[in-house]
Amino acid sequence: MTGKILFSHEGARSEDALDRTRPFVYEGSLLLPDQTNDPAREITNSITIPRDIAQKLRRINGKFSLTEVKAGYKNANVFSRRAKVFDSVNRVCYLRYADGTLQVCEFKGTRGSNYSALYPALAELLRREGFEERADGFAVPDDRVDLLVDLVNEVFRMQEAGELRLEAADEVDTMTFPDGRHYYFKAYWRPAGAGTAPQEAAADAEDIPGQVAQIRACIRRLAGAGLRCVGREQLEEIQQAAEQLKNELDIVCGVCRNGLDSFDRARQLGL
């Protein structure tokens, strides 16, 4: 696989249209809530994970997004702190408690892509520590949950320290939208060479017009979803996502204004 990763909400319209020299990776549009009082962010709100296990999982230095069922909140998608949207790029695993054991899976369900980009790094650490590996993930006994938490936090530390680099994989990912199926490449965080920065950060710095185009595409999709939906709950979700996006864009504008003011003051001093 060659070429810089291009993050996009919209993918190729067929697998044959994918370009390995310009690998598109799916970027979600559903914002992860940052409010600490959001019930879906609190792992102890799970009705299936025992309270004592959930208390241990609270030490994970990341973000949770609990799946919701009629009876309440259930299993947990786990993301690193840099995650802003619900997709696979910064997801490490999916946690569920079944058959008396905490189970660590790469993904479950239909929300987002069917992989987690940080999972291979976690799986390697779990194998090294001798966790039981099953067809769909790892089994974690109650007395080893603290070690699991430490390993997840180690993956997040490696990501932040630049010890992992996001690389496109020659594996196809698909998402289904109202206008049909879209195709992308998957991407995984792999060990990086010494002094190599994560590709995601490099892409953000190098392709500002492309990133702006992706944001505009997300805004158009949010607007279209709002026009099509008929349920109050979904409309409220779209409104919340739009307001969060607006707030973050306002912050970006403020940062830029402050930077421009600094440049202007520096010029006045002849710098």
#### Entry: side chain to side chain contact (heavy atoms under 4.5 Å, CB included) between N90 and K63, worked out
CA-CA 10 Å; N90 292 298; K63 297 180 178 181; over 6 Å; no
Mind checking the [atom1]-[atom2] spacing from [X] to [Y]? Nearest 0.5 Å is all I need.
X	Y	atom1	atom2	answer
L18	H182	CG	NE2	12.0 Å
Y183	D173	OH	CG	11.0 Å
I251	C256	CD1	SG	12.0 Å
D87	H9	CG	NE2	10.0 Å
D52	K56	CG	NZ	6.5 Å
L245	L31	CG	CG	6.0 Å

Can [Y] be reached from [X] by stepping across I, L, V, M, F, W or Y side chains whose heavy atoms are under 4.5 Å apart?
X	Y	value
V152	V140	yes
V92	V145	yes
V149	F138	yes
L95	L125	yes

Is there a side-chain contact between [X] and [Y] in this structure, where contact means two heavy atoms from C-beta onward sitting under 4.5 Å apart?
X	Y	value
R41	L32	no
P50	Y97	yes
Y94	V78	no
V25	L166	no
K108	N75	no
L6	F24	yes
I60	F156	yes
L118	L164	yes

Which residues satisfy the side-chain contact (heavy atoms from CB on, under 4.5 Å) test with [X], sequence neighbours excluded?
X	result
R134	Q103, E132, D136, A139
T21	T2, D19
L147	E129, F131, R144, L151
K246	D250

Which pair of non-hydrogen atoms, one from [X] and one from [Y], has the smallest distance, and what is that distance?
X	Y	answer
A76	F64	CB-CD2, 4.1 Å
N114	K186	OD1-CE, 3.7 Å
R165	A192	CB-CB, 3.7 Å
Y73	P39	OH-CG, 3.4 Å
A187	A117	O-CB, 3.1 Å

### Task
Just jot down the salt bridge (charged side-chain N to carboxylate O under 4.0 Å, His left out) partners of D142, sequence neighbours excluded, or say none.
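Residues passing salt bridge (charged side-chain N to carboxylate O under 4.0 Å, His left out) with D142: none at all.
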### salt bridge (charged side-chain N to carboxylate O under 4.0 Å, His left out) partners of E243, counting only residues at least two apart
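Salt bridge (charged side-chain N to carboxylate O under 4.0 Å, His left out) check on E243 returns nothing, list empty.
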#### Entry: Neighbour count above 12 (heavy atom, 6.0 Å) for R22 CZ
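No, CZ of R22 has 12 or fewer neighbouring heavy atoms, counting only those of other groups under 6.0 Å.
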### Message
Check this for me: R181, atom CZ, are more than 12 non-hydrogen atoms of other residues, nucleotides or ligands nearer than 6.0 Å?
### Response
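Not buried by this count: 12 neighbours or fewer within 6.0 Å.
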### Salt-bridge present (R82, E160; N to O < 4.0 Å)
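Salt bridge present between R82 and E160.
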Flag, side chain of [X] to backbone of [Y], donor-acceptor distance under 3.5 Å:
X	Y	result
S46	K74	yes
S116	E106	yes
D99	T101	no
W189	V89	yes

### Query
Looking at residues at least two apart in the chain, or sitting in another chain, which of them share a ring-ring contact (aromatic ring centres under 6.0 Å, His included) with F79?
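For F79, the residues satisfying ring-ring contact (aromatic ring centres under 6.0 Å, His included) (neighbours in sequence not counted) are F86.
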### Task
Mind checking ring-ring contact (aromatic ring centres under 6.0 Å, His included) for Y115 and listing every partner two or more places apart, or none if nothing turns up?
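If we apply the ring-ring contact (aromatic ring centres under 6.0 Å, His included) test to Y115, skipping adjacent residues, the hits are Y188.
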Using the side-chain hydrogen bond (donor to acceptor under 3.5 Å, both in side chains) criterion, which residues pair with [X]? Sequence neighbours excluded.
X	result
N61	none
R20	D170
E133	R127
T44	E42

### Query
Passes side chain to side chain contact (heavy atoms under 4.5 Å, CB included), R96 versus C105? Steps please.
CA-CA 8 Å; R96 63 176 181 172; C105 313; 4.1 Å; yes
